[in-house]
Amino acid sequence: MYLCRMQNYLDGLNEAQRTAVLHKDGPIMIIAGAGSGKTKVLTTRIAHLMSKHGIDPFRILALTFTNKAAAEMKERIEKTLGNTEARNLYIGTFHSVFARILRSEAPKLGYTSNFTIYDTDDSRSVVKTVVKEMNLDEKQYKPNVVFNRISSAKNALVGPEEYRTDSMLQQEDARANRPQTGAIYDAYAKRCFKNGAMDFDDLLFKMYSLLTQFPEALSKYQHKFQYILIDEYQDTNPAQYEIIKLLGAMHENVCVVGDDAQSIYSFRGATIENILQFSKDYEDVVMVKLEQNYRSTKNILHIANEVISNNKGQIQKKLFTDNDEGEKIKLVRTFTDNDEGKMVADSIQELKLRNHFFNPDFAILYRTNAQSRSFEEALRKTGITYRIYGGISFYQRKEVKDFIAYLRIVINPQDEEALKRIINYPARGIGKTSIEKLVLYANERNTSFWNILTNASMFGIKSATLEAIDGFVTMIKMFQSELHKKNAYDLAVLVGKSTQIVKELFNDKTVEGLARYENVQELLNSIKEFTETPSNLEDGEVGDKSLAAYLQQIVLLTDADDDKTNADAVKLMTIHAAKGLEFPVVFVGGLEETLFPNAMAVHTREELEEERRLFYVAITRAKKHLYLSYANARYRFGQLQQNDPSRFLEEIPDEFVDKSNAGGNARNNGGHTQMQGNAFQRMHRGFGNGYAQETPKSKPAYTSPARPKVVEHTPNADFVPSDTQHLAVGQKVEHQKFGFGKVMKMEGAAHNPIATIQFEENGEKKIMLNYARLRILEN
DNA sequence: GATTATATGGTTTTT
DNA sequence: CCATATAATC
């Protein structure tokens, strides 16, 4: 019987797949073309290792690109084996698996196990604060640009010290007019550490530090992970490569699965070098190519092969399929982006009626998130239910992030980003100036913002503000004392009540207010669901029903994890988000120059080839029908912009295309081989240089209409505001900002007097005496 | 200090 | 066009 089941799972495999599954020990690289059954191979291989070879699931590490892929694999293995052993596998994304390990090893790195994980918004915000504190120009050191640079460095395993001493990197920064980038990097890293926080890249960078600086940790995990499997290998970066190399060095049972033709994440530091390097780093690598496609029609596969053949750099392979010829690809030209949306909506309607397709059979794919708008509108008008993946995720909504910020502080009060976010939300009278002052004190004393808050009375804060701060601190401390008595959900409810956030949102009866209220309720529901779903944990890990575990989980969620696969809706997403998915009917929109290939990515062959791989990924998502569309003109920044059809359209042979709606012609050492070389070389091994491409700025030719500008006034050094209770018409005064002037008129109620003052430099202003700081000069 | 009005500038792609 | 940053007003 046992054998019988085993036979079953091996039966459905073709020869190449079978080879990949049966290979037991030693390194193996599987080049898996689109739709070639790669997930099937991975899951069967793991099932086989467990059932045939008796490998302990606790000792198998499988790294996937999304959490959803991990969950799916687990499920499929359980089904194959007919038991629940698969739940013991160490399986997840690089980031979530390493976060889990880092939690239990945190003290080694000087962190506590409840460290916060910063998302990109948090990280950018830290960069911004640091830039400000260093008195650098924010225009010159744009948080986004600087952060991307830091991120690239980390992904190449270049730390702050190395960064600052690498002359090539220094030169590059100097040329980009950002010579202080290294100093910012250093300050940024220190600040994150002080805040008890790691950013996304740290989860890789610090994992590497852990393994290289602590031999006992390296040995522990090398022993533990007897078998290692990596999915989507073409999208790994140098940091991930090195970590795997270290972890796999003992058993060398490393199995990587990837497709160089689908490498689309170079902007995140991924490099196909990792595929090429793999067979050099290990001896006797078994190579398997999966070339039979089970997904698409012959027509679809043909054009995919044609398109990708325009790329120079790639591993030779030829995908084929036994599937039907299928219909021709439809190429559709429309006048505007709105028409494109309408065309897609109409086509969906028709396919549903004539060919009996249902909403979940359709996917609309595009290059940039902004393109979703015209599709949404058309679908809404046509009455087709749809769902958008990506864009601003649920957990990035302001009200949700605010609420989460409270939870973050309860877990880790050193988290300055979270503190700044909600110290005055809901408004409790702790203003910007007070906060800035206190942060400054914290920096001067080299302590945390929270420590300053708990001793705020020592810093000459005025009594009303001090009271507010004390109230806030007391409340947070109360939450912290409840942390161990309550589960995550009950604590979250307590936070919602005590802060009055829920009540405030409930009382906001505007449409947006209602949506915000619902979002917070949904957050609470998600926490509840989390506390009620059982899961596994082992050897001294953070209890994974904890609030900390919840926070870790949500910050590492990917767009693709947002499941609802079964939802009765048409799906809209970027091509990046569609990786690994398949749909009976696929629409790819916006096939226009400047959009796809994107204008930001046509400057080098490497960039252009990645755009083409992206197009390849889009095409190969389709099983039965494929629609490619482009608009003559589309709204961009509120203005209609003309575009040529994408150059990629010319690469599709006519014989496979139905152009009846295309409007005529389409165109007008330790074996660290990888890490050899200096920091500069490593950061440039992938594509790009870590700087986002900057388009030359074209300034509008018009001059903005004149606006009464305030002539800045610098008050005398001895400026002390006077008591203005008895201010009278005719008196001369000095205003902190508007300068010298004469009181022309007094009005307003006794408790809120308003003076009309004629300023020498800035004309007549109405000033509320309750707030203004005025010095009376003479009568 | 908080709320509201105006101005600027931004679009790749994401863990 | 939209979201966020800054300035004006209360």
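All values below come from the heavy atoms of this structure, side chains included, with hydrogens, waters and symmetry mates left out.
At the heavy-atom level, A/F596 lies nowhere under 4.0 Å from the strands shown. Contact annotation for A/N369: backbone-only contact, meaning every heavy-atom pair under 4.0 Å involves sugar-phosphate atoms and none involves a base. Backbone-only engagement by A/T433 is indicated by non-hydrogen atom pairs under 4.0 Å involving sugar-phosphate atoms exclusively. Using a 4.0 Å heavy-atom cutoff across all strands shown, A/K128 reaches sugar-phosphate atoms only and no base atom. When heavy atoms are screened at a 4.0 angstrom cut-off, A/N424 is found touching the sugar-phosphate backbone but no base atom. Contact annotation for A/F637: base contact, defined as any heavy-atom pair under 4.0 Å involving a base atom.
The aromatic rings of A/F648 and A/F615 sit parallel, their planes meeting at an angle under 30°, below the 60° perpendicular limit.
A salt bridge is absent between A/R408 and A/E417: the closest approach of a Lys/Arg side-chain nitrogen to an acidic carboxylate oxygen does not fall below 4.0 angstrom.
Of all nucleotides listed (B/dT15, B/dT14, B/dT11), B/dT14 comes nearest to the side chain of A/F267. Of the listed nucleotides (B/dG10, B/dT12, B/dT14), B/dT12 has the atom at the smallest distance from the side chain of A/R367. Closest approach to the A/K142 side chain among B/dT12, B/dT15, B/dG10 is made by B/dG10 (side chain taken as heavy atoms from C-beta onward). Considering only side-chain atoms of A/T574, the nucleotide from B/dT13, B/dT11, B/dG9 that sits closest is B/dT13. Distances from the side chain of A/T368 to the nucleotides B/dT15, B/dT12, B/dT14 place B/dT12 closest.
For A/N598 and A/R428, each mapped to the nucleotide of DNA chain B holding its nearest heavy atom, the one lying further toward the 5' end belongs to A/R428. Residues A/G431 and A/V555 each lie close to DNA chain B; by heavy-atom proximity, the contact nearer the 5' end of the strand is made by A/G431.
By the salt bridge (Lys or Arg N to Asp or Glu O under 4.0 Å) test, A/K398 pairs with A/D402, sequence neighbours left out.
Taking the ring axis of A/Y90 as reference, the NZ or CZ atom of A/R100 stays within 45° of it and closer than 6.0 Å to the ring centre.
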*asked:* Quick one, A/R103 with A/Q552, criterion side-chain hydrogen bond (donor to acceptor under 3.5 Å, both in side chains). Give me CA distance, side-chain angles, the key distance, then yes/no.
replied: CA-CA 10 Å; A/R103 289 233 179 265; A/Q552 172 186 315; 2.5 Å; yes

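Nucleotides C/dT4 and B/dT13, compared at atom P, are 15 Å apart to the nearest Å. Taking the C1' atom of each, B/dT11 and C/dT6 are spaced 23 Å apart, rounded to whole Å.
The base of B/dT14 lies outside donor-acceptor range of the side chain of A/T120, with no N or O pair under 3.5 Å.
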